[in-house]
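Along the sequence shown, residues are numbered consecutively beginning with 1. Computed from a predicted model, the values in this text were never measured in an experiment.
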Amino acid sequence: MSRLARLLKPESRDSQELRLHSDPDHALDLLREVVGVLGWGATESADEDGRHSVTIIEDPAYLSCGDSPIRVEVGLRADGSGGSVAQVEGIVPGVGGVADRHLHQSMRAFVLMLGRRDRALLQD
């Protein structure tokens, strides 16, 4: 993003890579489950290589005053060992302490829920 674009439309970003034990299809099911639990909305797409992309938008009805809804972009791909890799990028409009706090808290909640549900399948 260019410097002028950042000045005109500021946003805070964070990205994480999460390795899952589930294959991409099961990881996509877990992702849908987490989105449902959080009450967020999602749109999905897949490319010819078998990679899944999911765009998740936080429901603004449950936000605190001054918070903007987070948009989470998730890319799922196979890792070659039977599991999958989720590349998670979170974007919140705005800059500063409030946007950063909301971004990091929402990303942490999303990634922890997805990882814990994935590990719970191993214990069953």
Side-chain angles (χ1 to χ4, degrees):
M1 178 180 277
S2 73
R3 186 175 180 155
L4 180 60
R6 277 183 279 165
L7 290 172
L8 296 175
K9 188 177 179 185
E11 57 190 20
S12 297
R13 293 175 170 262
D14 187 17
S15 65
Q16 296 182 24
E17 185 175 274
L18 182 63
R19 298 200 178 273
L20 302 170
H21 299 286
S22 304
D23 62 67
D25 292 329
H26 287 103
L28 189 59
D29 291 338
L30 292 173
L31 187 90
R32 289 182 191 126
E33 185 180 325
V34 169
V35 168
V37 168
L38 292 172
W40 297 355
T43 56
E44 301 175 21
S45 64
D47 64 9
E48 60 276 351
D49 296 333
R51 295 184 191 141
H52 300 281
S53 297
V54 181
T55 301
I56 304 161
I57 305 289
E58 185 176 19
D59 186 354
Y62 300 105
L63 295 176
S64 299
C65 183
D67 285 344
S68 296
I70 187 173
R71 184 178 81 232
V72 179
E73 304 280 340
V74 181
L76 284 171
R77 67 181 193 283
D79 70 356
S81 66
S84 58
V85 176
Q87 186 64 40
V88 183
E89 181 177 13
I91 304 158
V92 171
V95 292
V98 174
D100 283 342
R101 179 182 45 82
H102 180 64
L103 172 66
H104 296 298
Q105 286 177 347
S106 298
M107 282 281 290
R108 185 179 315 123
F110 178 77
V111 170
L112 282 174
M113 284 183 79
L114 183 59
R116 286 177 179 166
R117 288 178 189 273
D118 179 59
R119 281 185 285 293
L121 294 176
L122 291 175
Q123 296 174 358
D124 289 340

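Taking 4.5 Å as the limit, every side-chain heavy atom of Ser53 sits out of range of all side-chain heavy atoms of Asp47.
Taken from CD in Glu11 to CG in Leu103, the straight-line distance is 10.0 Å, to the nearest 0.5 Å. Note that the CG atom of Asp118 and the CG atom of Leu20 stand 4.5 Å from one another [nearest 0.5 Å]. Atoms CZ and CD, from Phe110 and Glu58 in turn, are 11.5 Å apart once rounded to the nearest 0.5 Å. Taking CD1 of Ile91 as the start and CZ of Arg71 as the end, the distance is 4.0 Å to the nearest 0.5 Å. Atom-to-atom distance recorded for Ser84:OG and Asp25:CG is 9.5 Å, nearest 0.5 angstrom.
In this view, Arg117 and Glu33 satisfy the salt bridge (Lys or Arg N to Asp or Glu O under 4.0 Å) rule, not counting sequence neighbours. Residues forming a side-chain hydrogen bond (donor to acceptor under 3.5 Å, both in side chains) with Thr55 (at least two apart in sequence, or on another chain): Glu73. For Gln87, there are no side-chain hydrogen bond (donor to acceptor under 3.5 Å, both in side chains) partners two or more places apart in sequence or in a different chain.
In terms of heavy atoms, Ala42 sits closest to Val35 at CB-CG1, 4.0 Å. Among all heavy-atom pairs drawn from Ile70 and Gly90, the shortest one is CD1-CA, 4.3 Å. Closest approach of Glu89 and Met107 over heavy atoms only: C-SD, 4.3 Å. Nearest heavy atoms, Ala27 versus Leu114: O-CD1, 4.5 Å. Across all their heavy atoms, Ala46 and His52 have their closest contact at CB-ND1, 3.9 Å. Nearest heavy-atom pair across Gly39 and Asp59 is O-CB, 3.5 Å.
Cluster annotation: Val54 is connected to Met113 through the hydrophobic network of ILVMFWY side chains, with a link wherever side-chain heavy atoms come within less than 4.5 Å. Leu76 and Leu121 end up in the same hydrophobic cluster when Ile, Leu, Val, Met, Phe, Trp and Tyr side chains are linked at under 4.5 Å. By the criterion of side-chain heavy atoms lying less than 4.5 angstrom apart, applied directly or through intervening Ile, Leu, Val, Met, Phe, Trp or Tyr residues, Ile56 is grouped together with Val37 in one hydrophobic cluster. Linking Ile, Leu, Val, Met, Phe, Trp and Tyr residues whenever their side-chain heavy atoms come within less than 4.5 Å places Leu18 and Trp40 in a single cluster. Cluster annotation: Val92 and Leu38 are assigned to the same hydrophobic cluster (Ile/Leu/Val/Met/Phe/Trp/Tyr, side-chain heavy-atom contacts under 4.5 Å, transitive).
Side-chain contact check for His26 and Asp29: no donor-acceptor pair (N or O, by modelled atom type) lies under 3.5 Å.
Atom CZ of Arg116 is surrounded by 12 or fewer heavy atoms from other residues, nucleotides or ligands within 6.0 Å.
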> Between Glu44 and Leu31, does a side-chain contact (heavy atoms from CB on, under 4.5 Å) hold up when you go through it step by step?
Replying inline: CA-CA 11 Å; Glu44 301 175 21; Leu31 187 90; over 6 Å; no

